[in-house]
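Per chain, numbering begins at 1; letters A, B, ... match sequence-line order. Just so you know, these numbers use all the heavy atoms, side chains as well, and skip hydrogens, waters and symmetry mates.
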Number of protein chains: 4
Amino acid sequence: MAEATRGRPRSEKARRAILTAARDLITESGYSELTIQAIAARSGSGRQTIYRWWSSKALIAADLILEGELTLPAQPVRDTGSLERDLTEWLEGIANAMADANVASLMRALITAASDDPEEAKLLYSMSTGPYHQGIVERLKQGKASGQLRESTDENAVADALIGTVLFGALTAGARTSTPASVVNVLMGR
Amino acid sequence: MAEATRGRPRSEKARRAILTAARDLITESGYSELTIQAIAARSGSGRQTIYRWWSSKALIAADLILEGELTLPAQPVRDTGSLERDLTEWLEGIANAMADANVASLMRALITAASDDPEEAKLLYSMSTGPYHQGIVERLKQGKASGQLRESTDENAVADALIGTVLFGALTAGARTSTPASVVNVLMGR
Amino acid sequence: MAEATRGRPRSEKARRAILTAARDLITESGYSELTIQAIAARSGSGRQTIYRWWSSKALIAADLILEGELTLPAQPVRDTGSLERDLTEWLEGIANAMADANVASLMRALITAASDDPEEAKLLYSMSTGPYHQGIVERLKQGKASGQLRESTDENAVADALIGTVLFGALTAGARTSTPASVVNVLMGR
Amino acid sequence: MAEATRGRPRSEKARRAILTAARDLITESGYSELTIQAIAARSGSGRQTIYRWWSSKALIAADLILEGELTLPAQPVRDTGSLERDLTEWLEGIANAMADANVASLMRALITAASDDPEEAKLLYSMSTGPYHQGIVERLKQGKASGQLRESTDENAVADALIGTVLFGALTAGARTSTPASVVNVLMGR
DNA sequence: GGCTAACCGAGACGGTACGTCCAGTCTTGCT
DNA sequence: AGCAAGACTGGACGTACCGTCTCGGTTAGCC
């Protein structure tokens, strides 16, 4: 049993420094400019230490999201009584948030990380867009309960379509013309 | 006027060779593995020749899409009379196509190219997903005419939401659970 | 014989422009920085025109020397009556001239051109140091005639040794310690 | 004091491999054909490793000379009793050595390296021709002691003139006509 | 005056080397 | 055993020139 904890334990300090440095570099210059070299230099750690604990840049990003260091803006789905108004507000809120260069860049960072490492993509998305998904589904269920949404509607489908719309919007950077209201209108079956 | 055609004219042969090599490399190994070095070697051209005409890898991809060398599978929206069935079929067709590793890899290539070069993103998307958008919008208009869709529906919004869903699906690689039918169901207001 | 002068004759204007540009570039930055590209750009000529008439940079340098565009400072061997004083003065004059960065750089240019193209070396040296050689030999003959030099002395040997000393001095850039006077003293057999 | 030996120490093996490769390439094709690229490939090292330790090709050559990997043929000045005969033999020996293409090429390599990098020239010459200089000066002092050379003769001047003559001879590749014997004859004051 | 030949400038072509940057791995001594 | 430091091989980057090759256009001699 003596073998279990031999040697120096992992330095939590180094781990934090690396994650913080990675977060700063991503927000400053974007995920595609991110290099292990730069993370090591900025965090004052050795490169080996990074490779020892993370096997890819995407996994560092995953950790950042997990720890809330790198997070899409919290965007709760309010409950004012009107489901349509609440969803529209949510989509408008996200759209407005994407107008901020930092948020848009983070969103693109997420997409880049996911798109060139399919293995990690699910993890990344469940961590970052998961809360949105969950919030939307819950609000939809509430809407069903209050009779504002037909029973047959698949809440997951609506959530996926909404988030997919947000992603598409982030990538095309406002080239699209359809408004949040019209999307929600469609999704709710009006 | 004498300035127009001075010097040796651009070699169309070299241009084709470069684009063909780039296409082959993308389909073989994915966009993120693509290097200028490899394109030059495979096409038998000098690196400078590539830099002379394209300032980024994304622009090469744009040319490939423009020329139809690199294209998402054509997926026409059929008109069988039932709008819902036709859209569901379309979405199922795309989803099936994405099950092919080559197509999924191309989709991710497109997303990667777009996500780390916002300037080119719009161009890339309008060239690659534009046909889908157009096909959907037309079918929706037809649906309106035949009374299967309410007049108030924004066709662009439905098209964007459908394509966004496809993108999201490509990125999360089947982790999602909602079916094409349920998405279409929602989008059509059932 | 009709073939002799058909076609457009060589442009003397272009030839002059090329040589002038080459000379300026050599004096500005040294022979080893000289590029055909730069000569063409500066002279407003096409690169092919240069290659058509000169097959190497060394040959351009040879032309420059031939035409007196690029020439070591004229340093006549005076005849004051004293052979020793005259030769010492000559060597001191050359040594002083080499203190000028332009002249030293030209000397090094000559040496570089010669050292990486053995074929052209003889031509280059006979054109550039030839006048020195000739001047020294003539003065030595005069010295023999006036009884200041033994009949057995080989004038070419003295000239070569003097010029070799100058070359060595140019290359070692004043690191040497022996004075012109002592060298002449030795060479004259004092 | 802790700063002295941090990080992985320099690899002596890589250093040797680089110098050996450089030496082989110089003797095979001459200094002006030498490229960093080729040294790296031949030595099996990364290019960066070369740039890390040497900032110019001339400095690699300097190291080669320092370490005796690249050396002009040893040509001791014998002492048979006759100073004139010994110096003549020395000069003939060098002249013969220069007839060997390898030696001549090395000599030109040295001159090229020195001529396009004035800063390094002194270092290069003191390392390569220094032994000649020293040997000549010593033999001349011996000659003075035995009464074969006048006391007033500057030994450094004679040594410089002899070596300068050798350099000039190497550059002009046998175009000269004066014989070793006549040069020595002159230098000794006969 | 038209024809042919050789020149001219410009500038694209396939290459090669440059010097830099980063990846991922491998030693060091220190903790 | 982890850690910072920093050297190692390897390989892509974007740039600069090389020497060659085409263009349109010019300038001569010759029919």
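Nearest-nucleotide mapping onto DNA chain F: of D:Gly44 and A:Ser45, the residue sitting toward the 5' end is A:Ser45. The residue among D:Ala40 and A:Arg10 whose nearest nucleotide of DNA chain F lies closer to the 5′ end is A:Arg10. Nucleotides of DNA chain E nearest to B:Gln48 and D:Gln48 differ in position, and the one nearer the 5' end is that of B:Gln48. Residue-to-nucleotide proximity on DNA chain E shows that, of A:Ser55 and B:Thr49, the 5′-proximal contact is made by B:Thr49.
Contact annotation: D:Trp53 side-chain N/O to F:dG6 OP1/OP2 distance is not under 4.0 Å. Listed pair A:Trp54 / E:dG24 fails the phosphate criterion, with no side-chain N or O lying under 4.0 Å from OP1 or OP2. Applying the 4.0 Å criterion to OP1 and OP2 of F:dA4, one finds that A:Arg47 has every side-chain N and O outside that range.
The side chain of D:Pro9 approaches E:dT28 more closely than any other nucleotide in the set F:dC3, E:dC21, E:dT28. Of the candidate nucleotides F:dG2, F:dC30, F:dA7, F:dC30 has the atom nearest to the side chain of C:Arg6. Taking only side-chain atoms of A:Tyr51, from C-beta outward, the nucleotide of F:dT9, E:dT25, F:dC21 with the closest atom is E:dT25. Between F:dC18, F:dA5, E:dG9, one nucleotide has an atom nearer to the side chain of C:Thr35 than all others, and that is F:dC18. Comparing F:dT20, F:dA7, F:dC3 against the side chain of B:Arg8 picks out F:dT20 as the nearest. For C:Gln37, taking side-chain heavy atoms from C-beta onward, the closest of the listed nucleotides F:dA4, E:dC8, F:dC17 is F:dC17.
The minimum heavy-atom distance between C:Leu110 and C:Tyr125, with the atom names listed, is CD2-CE2, 4.1 Å. Closest non-hydrogen pair, C:Leu124 versus C:Ala61, comes out as CD1-C, 4.4 Å. Nearest heavy-atom pair, C:Ile50 versus C:Ala40, reported as atom, atom and distance to 0.1 Å: CD1-N, 3.8 Å.
Salt-bridge annotation for A:Glu67 and A:Arg23: absent, with no side-chain N of the basic residue lying under 4.0 Å from a carboxylate O of the acidic one.
Remark: the backbone N or O of A:Leu34 is paired with a side-chain donor or acceptor of A:Lys57 at under 3.5 angstrom.
Rounded to whole angstrom, the span from the CZ atom of A:Arg52 across to the P atom of E:dT25 amounts to 12 Å. In this structure, D:Leu34 places its CG atom 15 Å from C1' of E:dT16, rounding to the nearest Å.
If you check every strand for non-hydrogen atoms under 4.0 Å, C:Ser11 touches sugar and phosphate atoms only.
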